[in-house]
Protein chains: 2
Amino acid sequence: MQEAIFLMHDSLFKHIEIRTSEKLTDYEKEIISDAFAKKRMRKRQFFLQEGDVCKHLGFIVKGSSRMFSVDEKGHEHIIHFGLESWWLTDPESSIQLIPSRYFIEMLEDSELLVISLPDVYELRNKSRGFDLTFRALDKFSTIAMHKRIHAAIGMTAEERFSDLSSTYPEFLKRFPMNMIASYLGLSPETLSRVRKNAIRK
Amino acid sequence: MQEAIFLMHDSLFKHIEIRTSEKLTDYEKEIISDAFAKKRMRKRQFFLQEGDVCKHLGFIVKGSSRMFSVDEKGHEHIIHFGLESWWLTDPESSIQLIPSRYFIEMLEDSELLVISLPDVYELRNKSRGFDLTFRALDKFSTIAMHKRIHAAIGMTAEERFSDLSSTYPEFLKRFPMNMIASYLGLSPETLSRVRKNAIRK
DNA sequence: AAATTGTCTTGACAAATGTCAAGTCCGGGC
DNA sequence: GCCCGGACTTGACATTTGTCAAGACAATTT
């Protein structure tokens with residue numbers, strides 16, 4: 001049992017060391033382990049639900065997720081996906097401490113590491129590697145969101161799909177097409193037709 | 001002359017103190033002043049051009065800007081606008097040190113404060129207020145980009161325009177409608193029609 | 001003042017995308 | 001093994017949005 005916990009944390013340590021290009025000290029590993037709780041979630045369980053304030057940050061050790069909103073007409077819009085070593089949070093809710101407009105749902109049986117936001121803050125002060133990781137993540141996600149905006153306002157359906165295929169090929173293997181369509185802001189039917197055309201070429 | 005420079009820096013100091021809710025020390029003001037250079041730019045001048053690596057950060061003391069890309073068909077897509085006390089940069093280019101895919105153009109005669117990226121890094125280490133400002137900006141821009149993605153993939157033209165009107169009413173006063181259309185990912189004609197309908201209601 | 005340029009609108013038409021309905025295929029639950 | 005529901009596709013049609021062309025008007029330049 002204890003072993004399994006260490007294995008989960010190892011995946012987080014690895015993530016941090018890769019992102020920062022620095023080794024974690026034993027002390028850092030210890031305080032990081034203490035701050036994160038292991039959490040198993042089943043397919044279709046919600047990490048966050050609309051109306052809740054997002055007070056925790058999740059790290060995906062194994063599994064996948066989607067973050068989506070539901071509009072007045074009941075249509076779902078997928079803001080983004082999560083896969084192994086991605087983080088789960090609603091920045092809008094967690095930064096401003098307001099109720100979230102989104103759901104975060106696990107798409108497979110998953111294993112997470114969960115930490116409270118005050119603990120994140122504390123850990124960033126205590127561990128340089130931990131702090132650097134979050135700075136790097138901020139930069140990384142800024143670039144990714146920029147590209148996404150660019151794609152959404154400036155590309156046709158076909159270009160957006162082709163862009164996704166090269167940027168996140170993993171998405172096509174792990175997520176059903178109707179969700180990919182929602183992520184791209186298309187109807188499933190349009191995506192289906194776009195794909196048929198793309199193959200012909 | 002010296003006076004004018006101080007006035008410009010004052011606008012930056014004020015911005016930092018508001019963002020951080022803390023007073024800057026005299027020492028901080030001094031090193032910040034030293035690191036930023038004053039720069040006047042005329043309408044239609046470029047702060048950044050496609051293909052250049054973005055090595056400077058700009059702070060708008062007075063004036064406005066737009067950041068846009070040009071696609072293969074020659075169409076421009078506005079990624080975002082800048083107004084007084086907004087920052088000018090291409091995160092993708094400046095973080096990864098790769099050539100930019102964007103232009104940043106001033107839309108009015110403007111006054112900027114400009115700093116090199118290494119100096120930003122140094123200043124963040126030396127001044128707590130300066131560092132906190134950039135952390136706050138990162139959070140702020142993360143939330144803003146999230147909303148923008150949500151709008152782009154999940155809203156109709158009319159909803160996007162109405163969303164923009166309430167979020168950034170200033171844009172409508174300062175920027176021509178064809179640029180607003182580009183920002184929303186619409187043709188100018190569509191925006192014109194959308195506005196006509198919106199008024200009727 | 002005249003000429004030029006830019007901004008915005010409008011109409012007619014074309015293209016892209018959404019909606020609704022039906023049908024096939026596949027895999028999980030019983 | 002059978003049944004059922006989800007995933008994906010296809011067709012017909014509606015709606016939205018884009019494109020092209022023209023014109024009114026205002027601001028800017030000369």
Side-chain angles (χ1 to χ4, degrees), chain A residues 42-45 63-64 66 68 70-78 81 105-109 151-165 171-201, chain B residues 42-45 63-66 68-78 81 105-109 151-165 171-201:
Chain A
R42 300 194 55 191
K43 185 174 176 170
R44 275 187 274 274
Q45 256 191 292
S64 59
R66 64 174 180 146
F68 66 98
V70 179
D71 67 23
E72 322 76 45
K73 293 165 207 140
H75 295 162
E76 301 178 355
H77 304 282
I78 296 182
F81 292 113
E105 179 193 23
M106 306 317 297
L107 295 177
E108 302 170 328
D109 292 344
I153 68 170
M155 293 183 182
T156 63
E158 192 167 332
E159 288 167 335
R160 296 215 289 281
F161 176 70
S162 135
D163 184 53
L164 172 82
S165 304
F171 285 5
L172 302 183
K173 293 178 198 152
R174 300 278 287 269
F175 307 122
M177 282 302 149
N178 59 351
M179 292 193 187
I180 302 282
S182 171
Y183 179 88
L184 293 174
L186 299 172
S187 70
E189 294 92 339
T190 298
L191 178 58
S192 173
R193 288 169 182 127
V194 159
R195 288 174 64 218
K196 197 165 70 170
N197 288 337
I199 290 168
R200 258 205 277 120
K201 290 181 186 166
Chain B
R42 299 196 53 193
K43 187 172 175 170
R44 274 186 275 275
Q45 257 192 292
S64 61
S65 67
R66 63 174 180 146
F68 66 98
S69 68
V70 179
D71 67 24
E72 322 76 45
K73 293 166 208 141
H75 295 161
E76 300 177 356
H77 304 282
I78 296 183
F81 292 111
E105 180 193 22
M106 305 318 296
L107 296 177
E108 303 169 329
D109 294 343
I153 68 170
M155 292 184 183
T156 64
E158 191 168 330
E159 289 166 336
R160 296 216 289 281
F161 177 71
S162 134
D163 184 53
L164 172 82
S165 304
F171 285 5
L172 301 184
K173 292 178 199 153
R174 300 279 287 268
F175 307 122
M177 283 301 150
N178 60 353
M179 291 192 187
I180 301 283
S182 171
Y183 179 88
L184 293 174
L186 298 172
S187 70
E189 294 92 339
T190 297
L191 178 57
S192 173
R193 287 169 184 129
V194 158
R195 289 173 64 218
K196 199 166 69 169
N197 288 339
I199 290 168
R200 259 204 278 120
K201 291 181 184 169

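Below, all heavy atoms of this structure are taken into account, side chains as well, without hydrogens, waters or symmetry copies. Within every chain, numbering begins at 1; the chains are lettered A, B, ... in the order of the sequence lines, protein sequences first and strands thereafter.
Comparing C:dT19, D:dT17, D:dA7 by their nearest atom to the side chain of A:H75 picks out C:dT19. Minimum atom distance to the side chain of A:L186 is reached by C:dG18, of the listed C:dG18, D:dT17, C:dC8.
Below 30°, between 30° and 60°, or above 60°: for B:Y183 and B:F81 the angle between ring planes is below 30°, a parallel geometry.
No side-chain heavy atom of A:V194 sits under 4.5 Å from any side-chain heavy atom of A:R160. Looking at A:L164 and A:L172, their side chains come closer than 4.5 Å, going by heavy atoms from C-beta outward. Side-chain contact check for B:F161 versus B:L186: every heavy-atom pair is 4.5 Å or farther apart.
Rounded to an integer number of Å, the gap from A:E159 CD to C:dT17 P is 10 Å. Remark: C1' of C:dT17 and CZ of A:R160 are 10 Å apart, rounded to the nearest angstrom. We find that CZ of A:F175 is positioned 13 Å from P of D:dA7, with the value rounded to whole Å. For B:H77 and D:dG18, the NE2 to P distance is 11 Å, given to the nearest whole Å. Rounded to a whole Å, the CD1 atom of A:I153 is 16 Å from the C1' atom of D:dG18. Distance B:K73 NZ to D:dC20 P: 11 Å, rounded to the nearest Å. Across the protein-nucleic acid pair, B:N178 atom CG and C:dT5 atom P stand 17 Å apart, rounded to whole Å. One can place CE of A:M179 at 10 Å from C1' of D:dG6, the figure rounded to the nearest angstrom.
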For residues 69-77 of chain B, which side-chain donor-acceptor pairs fall under 3.5 Å, sequence neighbours excluded?
{"residue": "B:S69", "atom": "OG", "partner": "A:H150", "partner atom": "NE2", "Å": "2.9"}
{"residue": "B:D71", "atom": "OD1", "partner": "B:K73", "partner atom": "N", "Å": "2.9"}
{"residue": "B:D71", "atom": "OD1", "partner": "B:G74", "partner atom": "N", "Å": "3.1"}
{"residue": "B:D71", "atom": "OD1", "partner": "B:H75", "partner atom": "N", "Å": "2.9"}
{"residue": "B:D71", "atom": "OD2", "partner": "B:H77", "partner atom": "NE2", "Å": "2.9"}
{"residue": "B:E76", "atom": "OE1", "partner": "B:R66", "partner atom": "NH1", "Å": "2.8"}
{"residue": "B:E76", "atom": "OE1", "partner": "B:R66", "partner atom": "NH2", "Å": "3.3"}

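Applying the salt bridge (Lys or Arg N to Asp or Glu O under 4.0 Å) test to residues at least two apart or on different chains, the pairs with a partner in residues 171-180 of chain B are B:E84-B:R174, B:E108-B:R174, B:E170-B:R174.
One distance of note links CG of A:L184 with CD of A:E159; it measures 12.5 Å at 0.5 Å rounding. Here the NZ-CG distance, from B:K196 to B:L191, works out to 13.0 Å after rounding to the nearest 0.5 Å. Note that CZ of A:R195 is 11.5 Å distant from CG of A:N197, once rounded to the nearest 0.5 Å.
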Check nucleotides 26-30 of chain D against the protein and report each pair of N or O atoms closer than 3.5 Å, with its distance, or say if there are none.
none

Considering only nitrogen or oxygen atoms on both sides, find all protein atoms under 3.5 Å from nucleotides 9-11 of chain C and state each distance.
{"residue": "C:dT9", "atom": "OP1", "partner": "B:R195", "partner atom": "NH1", "Å": "3.2"}
{"residue": "C:dT9", "atom": "OP2", "partner": "B:S192", "partner atom": "OG", "Å": "2.9"}
{"residue": "C:dT9", "atom": "OP2", "partner": "B:R195", "partner atom": "NH1", "Å": "3.2"}
{"residue": "C:dT9", "atom": "O5'", "partner": "B:S192", "partner atom": "OG", "Å": "3.1"}
{"residue": "C:dT10", "atom": "OP2", "partner": "B:K196", "partner atom": "NZ", "Å": "3.1"}
{"residue": "C:dG11", "atom": "N7", "partner": "B:R193", "partner atom": "NH2", "Å": "2.6"}
{"residue": "C:dG11", "atom": "O6", "partner": "B:R193", "partner atom": "NH2", "Å": "3.0"}

Is there a side chain to side chain contact (heavy atoms under 4.5 Å, CB included) between B:F175 and B:S64 once you walk through the steps?
CA-CA 9 Å; B:F175 307 122; B:S64 61; 3.7 Å; yes
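Residues forming a side chain to side chain contact (heavy atoms under 4.5 Å, CB included) with B:R44 (at least two apart in sequence, or on another chain): B:E105. With sequence neighbours left out, B:F68 forms a ring pair (Phe, Tyr, Trp, His ring centres under 6.0 Å) with B:F103. With sequence neighbours excluded, no residue satisfies side chain to side chain contact (heavy atoms under 4.5 Å, CB included) with A:S192.
From one end of the helix from C:dA1-D:dT30 to C:dC30-D:dG1 to the other, with five pairs defining each end axis, the axis direction shifts by 50° (rounded to 10°).
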Classify every nucleotide of nucleotides 25-30 of chain C by which part a protein heavy atom approaches to under 4.0 Å, writing B for the base, S for the sugar-phosphate alone and - for neither, in 5'-to-3' order.
------
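Mapping A:S187 and B:P176 onto DNA chain C by nearest heavy atom places B:P176 closer to the 5' end of the strand.
Checking side-chain atoms of B:D109 against main-chain N and O of B:K43 turns up a donor-acceptor pair under 3.5 Å.
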